[in-house]
Amino acid sequence: MKKFSCLAIATALGMLAGCSTSPSDSSSWGTVSEEQSTVNNIARLNVADAHSHLARYRHSVVESWLLSDSTSDTASVVVDSLKNDDFAVEADVLVEDDSAYTIASAGVDGDSAAWVLQVEDGAVVYSWRNDATEEWLKFKTEKALDLKTLNTVRVERAGIVVAIIVNGKIIDAFKDDGKSAVIKGLFTIGFDARHPDKCYCNNGRVEQIGVEKINEIEDTPIDSVQVVDTLDIPLDTSVALYDSVVTDWIAEWDFNDAENVGLDVTGHGHNASVGEGVVSAADGVASFDGKSGMMVSLDSDIRINEFVVEARVKPTKFGTMQNIIVAEPPGRGVDGWQLRIDEGVLTVHLRDADSSYVDWSIYPGKEMILGEWNEIRLERNADSVKLFQNGELTVAVAYQGDLTQMCYDWGIGYDAMQQGFHDRYFIGEMDYIRFGVFKGFTEGTLVPKNEWLLAAWEFNEPKFVGLDRMANNSTKYVVGNATVVDTTLVLDGQSGLPIELSKVFKRNAFAIETRVKPAAFSEMQNIIVAEPPGRYGDGWIVRLDDGVLTVHFRDAETDGTEWNVLRGKELALDEWTEIRVERTADSVIVFQNGERTVWAAAKGDVSQLGYNIGIGYDAMRQAKSDRYFNGEIDYIRFYGL
């Protein structure tokens, strides 16, 4: 990893090439078009085929440079990884005008295969030869770069396919059947080593550049061990079947009276009034438009601790927080409960001020489907909670406490406390909502959770630091001074273990378990990470940020360049912390020492990984950040769900 001006590097190595870095003149500008032979019969590939082909390969960054912002910085260095037939080079580059600018080259000064990567007229120009005796060939894309803007330009050769990628998207690809020989000579940055008098270097700059090895992902058999989590649910399920649990309803709003939408049909007088916007009813269904809601006045007979809530709802749009029915105080310090939808996932929220005060206990069920009716039943007794969705038990947990110290009116479809810092409106239709006295739990058990242990780095072999107990994903080398002491991996903030990407990790639903003891905190400290370099592609990260556990997920198709970041709790220095991260098809759940500290709904598919896995450091060796873990790791286990 390099973090200086590339000019300084080259000068220190005595390898600065002889190109002009003086103010631009006519000899350092021009066009590459007449400089090289253009082959017209290059076999282009469509983008979809190129994408499928590249997905068969894994990548590892072997060198990365962060250059200064001076437009005159150029350099040449020896990079052994470019001796591979398959490679990638990726650069953040800014070009001032349509004239030719050279990003990088390799082997031009040698008697071997070579290539040059340039930009001209906003298009990417890739020139190459497969042997020193051959003519130069050239491939030029359509215009793809914006001038005076930082763009990421990447060329990737995998087998006979060469892909041109700009800002994370394949813009063109072609086949090259010629088998290149070993590249001999220098890797140059920022000038054309073929033409010292016309360096094509004064009208742009490279900010960061990296070189990668590329290897095909081997399709090897995977050993695994099935693990069944039977879930110890401390609930009394001895009461008979669902239909035999007869509930005494205290309030029921069935929305059958269009003239009195909020009528409580039990006759107990808990009529709901329109608290905000307009709530209309037709054919026994109430409609909520994201600006409306109904309020129910707090009364003693609905301020009970053991209760049942039933509802039939059809959401038509999802948001961050969408209340179905809530007895929730604003701010802190008062009892409350909520039944709501968070990013499409039905959730139950409970708070007993005497025991938890500030914190809500939050229990996510399953994701709901837009435009479809969902039958919901929430059962709460003095020490437990069950949630059913369309007859399926999705939450069964112990929860002790007394929720009767309520102080605020209830809301249907919105936040009746009108807190100004959140929109909490339900959008869709409701058939009915019922609230009654708890008489017993409905029979039902959660389906046992099946897991397959796919990789287990337990650090019990001091002579084989990165041994995977499953024998599938053992590390072949270490970075820095990663050692095993007393069955733990000891990392000094400058070390790590790279794990070659295999098909084991190319999955969307998985779990990671680890036990770590940090010795010092810093800005970013990777525990385990599958993260592409730069800003593009699928990835996931489990790390510490200034001592706080953070989990990052990104599906490029769903999220673009943005990471979804979950922040857990701060870890204690020099103390062991057990961590579990579950990524299911529709959620991410994080546990610390057995306590669930954060969860979120999840969208997309994060399985399109392309880069090696890193334990304790950034295996992509990005030049912009140090991301080393400092401390001890007892084990890391990777499960398929």
Side-chain angles (χ1 to χ4, degrees), residues 58 60 217-218 220-227 451-507 509-519 524-531 539-544 549-552 571 576-583 590-593 606-607 609 611-621 627-641:
R58 58 181 174 82
S60 56
I217 300 174
E218 297 179 358
T220 56
I222 300 301
D223 293 330
S224 65
V225 175
Q226 186 175 11
V227 181
E451 299 179 350
W452 287 264
L453 181 60
L454 300 174
W457 301 282
E458 298 185 344
F459 311 117
N460 293 328
E461 296 291 336
K463 294 182 179 180
F464 194 164
V465 176
L467 177 67
D468 168 21
R469 179 166 63 85
M470 309 306 296
N472 299 323
N473 299 279
S474 300
T475 189
K476 293 180 171 57
Y477 64 96
V478 301
V479 174
N481 188 37
T483 58
V484 169
V485 178
D486 295 331
T487 71
T488 66
L489 175 67
V490 180
L491 300 172
D492 58 5
Q494 301 177 357
S495 312
L497 305 180
I499 308 296
E500 290 183 356
L501 177 66
S502 71
K503 292 187 177 180
V504 164
F505 302 104
K506 293 174 72 69
R507 62 184 62 244
F510 57 89
I512 297 167
E513 288 184 348
T514 184
R515 184 170 179 259
V516 301
K517 182 168 70 171
M524 292 183 287
Q525 294 176 291
N526 289 329
I527 297 172
I528 182 170
V529 53
E531 177 209 8
W540 47 261
I541 308 169
V542 179
R543 77 184 192 203
L544 304 181
L549 178 65
T550 59
V551 178
H552 307 237
L571 275 69
W576 287 107
T577 299
E578 294 181 352
I579 298 167
R580 178 179 170 90
V581 177
E582 295 181 4
R583 160 79 194 203
V590 180
F591 299 87
Q592 294 173 241
N593 291 327
V606 300
S607 66
L609 303 175
Y611 290 85
N612 288 340
I613 309 298
I615 292 178
Y617 85 122
D618 175 9
M620 282 61 68
R621 302 174 66 179
R627 304 181 181 184
Y628 293 95
F629 180 81
N630 190 334
E632 298 178 54
I633 301 178
D634 186 18
Y635 58 80
I636 297 179
R637 302 179 182 126
F638 182 85
Y639 300 85
L641 300 181

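When a residue number appears, it is its place in the shown sequence, counting from 1.
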Requested in this report: Begin with the C-alpha distance, continue with both residues' side-chain angles, and end with the deciding distance and a verdict on side-chain contact (heavy atoms from CB on, under 4.5 Å) for Val529 and Arg543.
Outcome: CA-CA 8 Å; Val529 53; Arg543 77 184 192 203; over 6 Å; no

Short side-chain to backbone donor-acceptor contact, [X] and [Y], under 3.5 Å:
X	Y	answer
Thr514	Tyr635	yes
Thr475	Pro498	yes
Lys506	Leu609	yes
Trp457	Asn473	yes
Asp468	Ala456	yes

| said: Regarding Glu531 and Arg627, does a basic nitrogen lie under 4.0 Å from an acidic carboxylate oxygen? | reply: yes

Pairwise side-chain contact, [X] with [Y], heavy-atom cut-off 4.5 Å (strictly under):
X	Y	value
Ser495	Tyr628	no
Asn593	Thr577	yes
Glu582	Tyr639	no
Arg58	Asn612	yes

Original post:
What class does the angle between the rings of Trp540 and Phe510 fall in, given that below 30° is parallel, 30 to 60° is tilted and above 60° is perpendicular?
Top reply: tilted

